[in-house]
Amino acid sequence: MDFDDSSVCEAEFIHGNFESSVTANDLILERILYFMTFDDLLSSARINKRWNKLSRWELRRNRKCLAKIDKDRPCHYLLHLKEHFEGNSVLPFHGLSIGFVGHGNCKWIEDYRILENTEFWKTLPVKYLRITLEQYTQCLGMQLIKLLVNLRSHEIQELVVSTEYYTFGDVLDFFHIEPKTRHNFLPQLTSISIQDKQDEMILPELVAGAPSIQNIFGHVRPHHLSKLMELGKAHLITEFICDPTIPTDADTLLQFAKLKPKLQQLTIANESAEEEPWSTITATLLESCNDSLKELEIGLMDLILFAYSGKLISPNLEHLIINFNDRLDKQLGIFVMPKINFDFAFPNLKSCKFSGGSDQFSYSHEQLELIRAELRSTNFLCSTVRHVTLSDNCFDLGIESECRSLVSLFPNVTSFKIDNCSQPAIYLKHTLAFWQDLESICISTVEYPAPITNLDILFCGISKEEWTYFWSLEKTIPGFLQQVELVPSAWSLLHLKNLKSLKISVIHNDRCPVPRREDFVLLSSLTGHLIFSKMSELKIDLASSDCLSKIENSCCFTFDDLSEFATISEIKGRRQL
């Protein structure tokens with residue numbers, strides 16, 4: 001069992017009585033703990049009994065602590081939760097996070113109705129509840145979710161709901177809510193999030209039964225608006241996905257914009273700003289929430305057009321996600337991002353993410369004419385961005401200029417992430433050498449055994465021939481690498497004097513060669529001895545999914561020989577097909 005808070009941090013369960021005398025030292029310590037992060041509070045709980053007591057007290061009073069129930073067998077873990085805590089007067093969490101994925105007719109308890117007479121479920125904290133719903137299963141975990149919501153709905157203050165499939169029937173029937181109480185069956189609910197991506201009506205049904213609702217977020221879309229407006233709750237939406245699909249969405253979106261919603265997060269689908277009337281409607285919606293907007297996801301062409309029209313000035317925007325299409329760069333013959341004055345449009349921007357997509361279409365002559373004349377004159381710099389993410393192979397791997405222009409555009413980056421990209425070394429090669437003040441690097445990659453990225457060569461600043469030479473000597477003279485003082489012939493990780501964190505996560509989707517080839521390696525102890533051993537303040541976390549070959553010591557991504565330099569873990573349930 002483990003905890004997680006609102007940012008999905010985890011902790012361990014613990015027993016204990018938190019009542020004791022309060023001293024002046026306790027009051028001082030309480031004040032110190034108040035400013036600690038979730039992870040630091042968990043660490044401080046291990047110091048001694050007094051720190052343990054006050055750290056857990058602080059967690060219960062001021063942090064969101066949820067018991068996290070595994071999605072693969074929620075029935076098993078819910079029963080384990082009951083066995084572990086039944087009879088305890090004080091539970092170290094406020095709510096539950098219960099996942100679910102494809103578990104059918106389990107046999108833990110044949111008739112779940114006996115649970116209605118179990119006192120434990122009547123006292124289990126449900127102030128914060130995160131649940132995944134599935135209609136067609138007899139899994140005990142799903143029956144317990146129904147039971148908890150039916151009996152304890154009046155205690156729920158924050159609710160996050162997702163569904164396992166695209167369609168879902170009447171959610172109130174699913175929870176067996178009586179018709180006479182449906183208008184007020186969630187009397188204390190103040191915050192609700194819906195995670196469905198399809199045309200679901202779960203959200204309006206739940207909002208209709210929550211008279212005290214103050215915040216609506218998640219995957220809220222145009223088809224939700226009409227019902228929420230009827231309920232007088234549309235102005236409470238704080239996250240919205242603008243992806244209109246039918247003509248009547250136009251009037252609905254304009255009415256929504258007139259409400260001046262305090263949107264903090266807005267996603268603009270690529271097709272929603274390409275042509276009239278959607279481009280005008282999207283611009284109106286953007287202008288209506290510019291002052292409150294914290295995060296914006298938008299297509300590259302739309303970003304350019306709105307920025308140049310003056311309709312996209314968000315003084316409080318902190319996070320920008322750009323659905324990047326490098327076809328525009330190729331057609332114009334320039335990297336267009338530096339042509340946008342980020343400091344003017346987004347003076348408080350902190351992070352920028354470039355996300356590649358499947359719609360790598362070419363732009364028409366008419367579209368290019370809208371921006372061609374204005375893009376040639378000036379290049380801008382964005383001085384405020386500290387965090388940059390490249391996701392889903394967003395740049396053409398053969399174009400070095402895009403990476404170099406990116407570095408020039410964001411010169412003050414301290415945190416760099418490569419997310420779900422193949423061959424990440426190509427991105428790293430053309431960015432790391434120019435960001436000398438990096439403090440953290442996070443790499444998430446999908447790798448196959450051939451061809452394979454060799455990060456040793458990049459991190460050590462050596463050639464393939466030098467890599468082969470070092471490894472041959474290590475085989476001939478065991479321990480040779482520990483004696484080497486490397487003088488890199490090119491840029492190496494040693495040049496990043498401020499680097500404090502390096503995380504590498506590898507999803508492995510195929511079988512490694514059997515027997516394994518020595519040159520098929522992502523990262524090895526060569527980097528450990530030549531680089532990591534020289535960077536004492538660097539924290540290194542390495543993770544990989546399991547190998548299909550199941551042959552001992554045959555996987556290219558196990559990182560086994562780096563155990564003395566890094567924390568190594570295995571990724572569960574992340575294989576991509």
Side-chain angles (χ1 to χ4, degrees), residues 217 237-242 257 260-270 272-274 279-326 328-329 334-357 370-371 374-375 377-391 394-395 402-403 405-417 419 431 434-435 437-440:
F217 60 105
I237 298 172
T238 58
E239 296 179 7
F240 187 70
I241 300 174
C242 183
K260 300 290 183 181
K262 302 298 183 183
L263 294 183
Q264 297 183 16
Q265 183 174 323
L266 175 62
T267 297
I268 297 176
N270 289 336
S272 68
E274 287 178 11
S279 60
T280 300
I281 292 171
T282 303
T284 302
L285 181 60
L286 265 173
E287 290 180 299
S288 73
C289 62
N290 261 350
D291 289 340
S292 62
L293 206 58
K294 299 290 186 182
E295 179 177 313
L296 173 65
E297 181 175 350
I298 190 171
L300 176 59
M301 175 66 86
D302 300 333
L303 175 65
I304 294 169
L305 294 178
F306 286 144
Y308 272 103
S309 68
K311 296 178 180 179
L312 187 55
I313 300 176
S314 297
N316 296 308
L317 193 76
E318 297 179 355
H319 309 290
L320 179 63
I321 302 172
I322 302 172
N323 295 319
F324 191 79
N325 182 351
D326 62 12
L328 185 60
D329 288 356
I334 56 175
F335 187 58
V336 299
M337 293 305 301
K339 309 301 180 179
I340 300 173
N341 191 343
F342 285 87
D343 280 351
F344 175 75
F346 317 116
N348 288 299
L349 190 64
K350 297 178 180 178
S351 73
C352 191
K353 176 179 178 179
F354 295 83
S355 179
L370 293 174
I371 59 176
E374 299 174 274
L375 283 176
S377 56
T378 307
N379 286 335
F380 294 98
L381 299 180
C382 180
S383 60
T384 60
V385 167
R386 297 292 187 271
H387 309 277
V388 166
T389 299
L390 304 182
S391 177
C394 54
F395 293 167
E402 290 183 333
C403 289
S405 297
L406 181 73
V407 172
S408 300
L409 174 60
F410 302 113
N412 299 322
V413 170
T414 59
S415 175
F416 182 42
K417 183 175 182 180
D419 186 29
T431 52
F434 298 94
W435 279 326
D437 295 326
L438 280 178
E439 298 176 3
S440 69

Measure the shortest side-chain to side-chain distance between [X] and [Y] over non-hydrogen atoms and say whether it is less than 4.5 angstrom.
{"X": "L312", "Y": "L303", "value": "yes"}
{"X": "T431", "Y": "F416", "value": "yes"}
{"X": "W435", "Y": "L406", "value": "yes"}
{"X": "F306", "Y": "T282", "value": "yes"}
{"X": "S351", "Y": "R386", "value": "no"}
{"X": "C403", "Y": "F395", "value": "yes"}

Return the [atom1] to [atom2] distance between [X] and [Y], rounded to the nearest 0.5 Å.
{"X": "I298", "Y": "T267", "atom1": "CD1", "atom2": "OG1", "value": "10.0 Å"}
{"X": "L263", "Y": "E295", "atom1": "CG", "atom2": "CD", "value": "12.0 Å"}
{"X": "N412", "Y": "L381", "atom1": "CG", "atom2": "CG", "value": "8.5 Å"}
{"X": "L266", "Y": "N290", "atom1": "CG", "atom2": "CG", "value": "9.5 Å"}
{"X": "H319", "Y": "T389", "atom1": "NE2", "atom2": "OG1", "value": "11.0 Å"}
{"X": "N323", "Y": "C394", "atom1": "CG", "atom2": "SG", "value": "10.5 Å"}

Next item on the list: For side-chain contact (heavy atoms from CB on, under 4.5 Å), just list the numbers for Q264 and F217, CA-CA rounded to whole Å, side-chain angles, deciding distance to a tenth of an Å, and then say yes or no.
Entry: CA-CA 9 Å; Q264 297 183 16; F217 60 105; over 6 Å; no
Notebook entry, point to check: Partners of E318 by salt bridge (charged side-chain N to carboxylate O under 4.0 Å, His left out), sequence neighbours excluded?
Noted result: K350
Note to self: Which residues pass the salt bridge (charged side-chain N to carboxylate O under 4.0 Å, His left out) test with K260, not counting sequence neighbours?
What the structure shows: none
Margin query: Donor-acceptor pair, distance only, cut-off 3.5 Å: does the side chain of S292 make one with the backbone of C289?
Written below: yes
Item checked: Residue pair F346, L320: steps toward the side-chain contact (heavy atoms from CB on, under 4.5 Å) verdict -> CA-CA 9 Å; F346 317 116; L320 179 63; 4.0 Å; yes
Item checked: For D291 against P315, the heavy-atom pair lying closest together -> OD1-CG, 3.8 Å
Margin query: Please find the pair of heavy atoms, one from M337 and one from I322, that lie closest to each other, and give the distance.
Written below: CE-CD1, 3.3 Å
Check: Should F342 and F410 be marked as a ring-ring contact (aromatic ring centres under 6.0 Å, His included) after you check the CA-CA gap, both sets of side-chain angles, and the distance that decides it?
Finding: CA-CA 10 Å; F342 285 87; F410 302 113; 5.8 Å; yes
Item checked: Residue pair N348, L317: steps toward the side-chain contact (heavy atoms from CB on, under 4.5 Å) verdict -> CA-CA 6 Å; N348 288 299; L317 193 76; over 6 Å; no
Notebook entry, point to check: With sequence neighbours left out, what residues match S288 under side-chain hydrogen bond (donor to acceptor under 3.5 Å, both in side chains)?
Noted result: none
Next item on the list: Applying side-chain hydrogen bond (donor to acceptor under 3.5 Å, both in side chains), name anything that partners D419, two or more places apart in sequence or on another chain.
Entry: none
Next item on the list: Indicate whether any N or O donor in one side chain lies under 3.5 Å from an N or O acceptor in the other, for K294 and N316.
Entry: no
Note to self: Determine whether L390 and F324 satisfy the following criterion, side-chain contact (heavy atoms from CB on, under 4.5 Å), listing intermediate values before the conclusion.
What the structure shows: CA-CA 10 Å; L390 304 182; F324 191 79; over 6 Å; no
Checklist line | Set of residues satisfying side chain to side chain contact (heavy atoms under 4.5 Å, CB included) with respect to D437, sequence neighbours excluded | finding: N498
Check: Considering residues at least two apart in sequence or located in another chain, which fulfil the side chain to side chain contact (heavy atoms under 4.5 Å, CB included) criterion with D343?
Finding: N341, C382, S383, T384
